[in-house]
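Accompanying notes for the structure given below.
A, B, ... follow the sequence lines: proteins, then strands. Residue 1 opens every chain.
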Amino acid sequence: MYFCAKDTYIMTIVTQIKLATEEAIKHIFPETDLESAVITINQTKPEFTGDYTIVLFPFVKLLKQKPDIIGKQIGGYLLDKTNLFSEFSIVSGFLNMGVRDEYWATFLLNHYNNTQYGVMPKGDKRVMVEYSSPNTNKPLHFGHLRNIFLGFAMAEVLKANGKQVIKGNLINDRGIHICKSMVAWMRYGNGATPEKNGQKGDHLVGDYYVKFNDIYKGEIAELKEKGMEEAQAEKEAPIMKEAQALLRQWEAGDKEVRSLWEMMNSWVYAGFDITYKRLGIDFDKMYYESNTYLLGKNIVEEGLQKGVLYKKEDGSVWVDLTEEGLDHKLLLRGDGTSVYITQDLGTAKLKYNDYKLDQSIYVIADEQNYHMQVLKQILKKLGEPCADGIYHLSYGMVELPTGKMKSREGTVVDADDMIDEMVSLAQQQTEQAGKTEGYTPQELTQLYETIGLGALKFYLLRVDPKKKMIFNPQESIDLHGFTATFIQYAHARICSILRKENLPLLPDNKHFQSFKLSLPISKAEKNLVLALEQYPFILEGAADEYNPSSLCNYSFLVAQLFNTFYDEHSIGKAENEEKKQLRLMMIVMTAMVLRNAMHLLGIRLPEKM
RNA sequence: GGCCCGGUAGCUCAGCUGGAUAGAGCACCAGCCUUCUAAGCUGGGGGUCAUUGGUUCGAAUCCAAUCCGGGUCACCA
């Protein structure tokens with residue numbers, strides 16, 4: 001019992017210790033009924049001997065014994081009755097358990113090339129992760145990148161945890177914003193197209209959006225000079241009136257307006273696709289607001305019938321959420337037209353019906369926390385089955401040292417520019433390090449992309465999503481320390497050793513079948529295996545807490561432990577064949593775990609750098 | 001003002017379902033390449049975990065109040 005079996009379902013060592021401890025207590029103190037929650041297992045601090053520590057204080061009151069006595073009995077029982085441990089010691093209320101070296105050796109033999117290590121078998125839960133969801137009037141900026149990387153990573157992490165995941169993208173392709181770009185293009189474009197201008201379509205359309213706002217500002221200033229109030233001027237500016245007229249024409253289905261709209265949107269999509277492709281980002285389902293913006297009205301009608309919603313004298317429809325600790329919220333204007341949240345109600349239901357979703361995750365910035373809360377509560381109140389599955393994966397916005405990014409004011413860090421900068425930084429550093437030998441030009445290009453994009457993604461994913469970020473464009477993103485580069489480098493070092501040993505990245509099961517452990521495992525070796533064993537726990541946590549950043553922290557730790565191990569021990573020229581085999585298994589598994597973890601974040605690891 | 005989120009080393013952040021002397025990275029200082037990739041390793045300095053009180057054998061972690069920063073409370077999206 002209590003030995004890791006070769007199986008897809010892995011019981012972590014911590015779980016095994018917990019169960020064994022529970023059993024020990026039940027056996028030694030049959031009178032007590034013990035809640036397993038009071039058993040806390042921690043990794044033993046480096047200054048003490050042992051691998052995992054059982055905290056004894058919680059038992060003191062329960063068992064009415066001194067911690068040392070309890071510890072001695074539990075420790076003794078665990079040593080005798082399981083084959084997990086080789087030793088134990090008690091230091092001031094902490095029971096430090098030393099796990100047998102054979103456990104780690106068996107663990108390595110069983111999992112060193114198990115590419116599914118930590119991955120849960122696919123279940124039947126369906127989850128949609130909606131992310132990116134851009135407007136079609138401007139190119140993507142740095143803030144979108146955080147959203148996109150987070151959404152992609154979350155989707156992949158959930159897949160690895162056995163969920164059936166649909167990656168969704170709800171494109172905001174209609175409304176006043178796109179009409180603004182259209183007006184400016186009609187006025188000042190002279191028939192400009194991405195082809196003619198040699199410009200990415202999203203950038204071209206974005207330029208006209210900025211142009212619109214420049215002109216708009218000018219017109220407001222002019223009107224104010226003539227003595228008009230600011231608020232009035234904002235409404236009366238001719239270019240704004242044109243944009244609004246255009247929106248009305250669009251809604252009326254005007255053919256010319258629609259075809260201009262389609263053309264300009266198609267430019268934007270082509271531009272987005274280039275960026276998504278370069279970033280390795282994909283989607284399973286695109287939703288367009290031009291198709292969904294009228295949804296939701298019938299849900300509101302039903303709600304009215306049921307008496308869940310109420311109508312005011314002017315004909316507007318409202319929901320009372322004061323019982324839920326929220327406010328009254330408008331759902332339909334007096335003229336019967338819908339507001340933003342109305343279509344969100346409809347879209348939530350649409351998604352649910354399209355895929356029979358168990359859960360629907362929205363990756364949206366934290367400025368919409370209230371909105372998302374309201375959305376969920378309304379659906380709940382209306383008795384819509386999609387309500388319970390709604391989860392807002394809220395993340396802090398990316399700001400500049402000077403404050404928020406404003407696309408209207410052109411103070412945004414453009415996503416494509418940022419990508420280019422990171423890739424060229426990767427090139428500079430590679431050249432500086434003199435590591436450009438032995439590649440074809442294509443391979444070098446590929447390598448710079450891998451390093452540059454890796455650094456960018458890692459930078460945006462390594463922080464807890466809910467924390468806001470301040471990005472200083474003056475200071476470029478580092479390629480040392482807590483970075484993707486560090487992890488990539490550890491991986492490349494491992495691959496280099498494997499090449500020298502004529503081993504593939506994943507040697508098959510025959511390679512180490514003659515391995516037998518007879519020598520003690522060193523501290524540096526142990527630290528690394530211990531960390532590798534924890535991967536399933538980390539992966540599960542990333543899903544449960546909706547926080548992929550834990551994979552960054554974990555991978556960095558593993559790479560760090562590998563580097564220390566690598567510095568201390570020779571692998572190719574190990575002391576003897578046994579050590580060599582042990583260490584080869586360790587590095588094979590290290591590289592595999594790093595690859596798997598980073599793969600979930602969309603970060604590639606080169607075999608050479 | 002109501003509600004929500006954040007405040008940990010000079011800077012960027014882990015740790016937060018309570019457990020041993022609070023950890024990384026950057027920056028700074030001192031070492032380590034005739035040996036598997038030095039994009040690395042080892043060591044050092046640097047802290048009133050915003051403040052105060054409470055719960056507890058034990059609090060950065062839980063509770064309350066206060067201070068600071070941000071978000072939100074639109075017939076905008």
Any donor-acceptor N/O pair under 3.5 Å between rU21(B) base and K45(A) side chain: no
N/O (side chain, Q560(A)) to phosphate O (OP1/OP2, rG25(B)) under 4.0 Å: yes
For rC67(B), the Watson-Crick or wobble partner whose two distances fall under 3.5 Å: rG7(B)
Sugar-phosphate only, base, or nothing, as touched by V55(A) at under 4.0 Å among non-hydrogen atoms: base
Heavy-atom donor-acceptor pair, T53(A) side-chain to rA20(B) base, under 3.5 Å: yes
Distance, C1' atom - from rG15(B) to rA59(B), rounded to whole angstrom: 14 Å
Contact under 4.0 Å: Y370(A) side-chain N or O vs rU72(B) OP1/OP2: no
Residue closer to the 5' end of RNA chain B, E568(A) versus W318(A) (nearest nucleotide): E568(A)
Identity of whatever pairs with rG58(B) - Watson-Crick or G-U, under 3.5 angstrom: none
Spacing between H371(A) atom NE2 and rA77(B) atom C1', to the nearest angstrom: 9 Å
Touch class at under 4.0 angstrom, heavy-atom based, for T430(A) against every strand present: base
Any donor-acceptor N/O pair under 3.5 Å between rC75(B) base and D314(A) side chain: yes
Nearest to side-chain heavy atoms of F57(A), which nucleotide of rG69(B), rC57(B), rA39(B): rC57(B)
C1'-based separation of rA27(B) from rG46(B) [nearest Å]: 11 Å
R493(A) side chain near rA38(B) phosphate (N/O to OP1/OP2, under 4.0 Å): yes
Centroid under 5.5 Å and tilt under 30°, F48(A) to rA20(B): yes
Sugar-phosphate, base or nothing in reach of M609(A), heavy atoms under 4.0 Å: base
Sugar-phosphate only, base, or nothing, as touched by H569(A) at under 4.0 Å among non-hydrogen atoms: base
Distance (rounded to the nearest 0.5 Å) between H569(A) NE2 and R583(A) CZ: 5.0 Å
d(CD, Q377(A); P, rC4(B)) in whole Å: 14 Å
Among rA77(B), rG71(B), rU37(B), the nucleotide that comes nearest once only the side chain of K500(A) is considered: rU37(B)
Whole-Å gap separating P (rC5(B)) and CD1 (I364(A)): 18 Å
Side-chain N,O (N369(A)) to OP1/OP2 (rC4(B)) below 4.0 Å: no
Candidates rU72(B), rA14(B), rA77(B) - which lies nearest the side chain of K404(A): rU72(B)
Any H480(A) side-chain N or O less than 4.0 Å from OP1/OP2 of rG40(B): yes
Sugar-phosphate, base or nothing in reach of K608(A), heavy atoms under 4.0 Å: base
Stacking check F486(A) vs rA39(B) (5.5 Å / 30 deg): no
Full working for side-chain hydrogen bond (donor to acceptor under 3.5 Å, both in side chains) between S181(A) and N137(A): CA-CA 6 Å; S181(A) 293; N137(A) 62 330; 4.9 Å; no
Base orientation of rC57(B), syn vs anti, 90° cut from 0: anti
Spacing between N563(A) atom CG and rC36(B) atom P, to the nearest angstrom: 15 Å
Inter-residue atom distance F94(A).CZ - T53(A).OG1, 0.5 Å rounding: 8.0 Å
E545(A) CD - rC16(B) P separation (whole Å): 8 Å
Centroid-centroid under 6.0 Å between Y340(A) and H371(A) rings: yes
Lys/Arg N to Asp/Glu carboxylate O, K376(A) vs E324(A), below 4.0 Å: no
Atom-to-atom span, CG of D327(A) to P of rG2(B) - whole angstrom: 14 Å
Sugar-phosphate, base or nothing in reach of N172(A), heavy atoms under 4.0 Å: sugar-phosphate
Touch class at under 4.0 angstrom, heavy-atom based, for T564(A) against every strand present: sugar-phosphate
Parallel, tilted or perpendicular: ring planes of F471(A) versus F142(A), cut at 30 and 60 degrees: tilted
Among rG69(B), rC36(B), rA39(B), the one nearest K468(A) by side-chain distance: rG69(B)
Residue matched to rU12(B) through Watson-Crick or wobble contacts both under 3.5 angstrom: rA24(B)
K435(A) side chain, from C-beta outward: closest of rC13(B), rA39(B), rC36(B): rA39(B)
Span that lies between the C1' atom of rA64(B) and that of rC57(B), in whole angstrom: 23 Å
Sugar-phosphate, base or nothing in reach of N472(A), heavy atoms under 4.0 Å: nothing
I41(A) CD1 to rG18(B) P, straight-line distance once rounded to whole Å: 15 Å
Under-3.5 Å donor-acceptor pair between D478(A) side chain and rA27(B) base: no
Residue pair F482(A) / N553(A), side-chain heavy-atom distance below 4.5 Å: yes
Toward the 5' end of RNA chain B, by each residue's nearest nucleotide, D366(A) or N42(A): N42(A)
Nearest to side-chain heavy atoms of R499(A), which nucleotide of rC41(B), rG6(B), rU37(B): rU37(B)
Centroid-centroid under 6.0 Å between Y131(A) and F149(A) rings: no
Proximity of Y288(A) and W261(A) rings by center, below 6.0 Å: no
Given rA77(B), rC16(B), rA38(B), the nucleotide with the shortest approach to the side chain of Y566(A): rA38(B)
Rounded distance (Å) that lies between atom C1' of rG7(B) and atom CD1 of I470(A): 12 Å
Pi stacking test for F94(A) and rA20(B): under 5.5 Å apart, planes under 30°: yes
Sugar-phosphate, base or nothing in reach of G572(A), heavy atoms under 4.0 Å: base
Separation between the C1' atoms of rG47(B) and rU55(B), rounded to whole Å: 26 Å
F482(A) side-chain proximity, nearest of rU72(B), rG25(B), rA39(B): rG25(B)
Proximity to the side chain of D464(A) - top-ranked nucleotide from rA14(B), rC36(B), rG19(B): rA14(B)
N-O pairing of E449(A) and R604(A) below 4.0 Å: no
rC36(B) phosphate, OP1 or OP2, under 4.0 Å from S496(A) side-chain N/O: no
Given rC76(B), rG19(B), rU12(B), the nucleotide with the shortest approach to the side chain of R333(A): rC76(B)
Residue-phosphate contact under 4.0 Å: K312(A) side-chain N/O, rC75(B) OP1/OP2: no
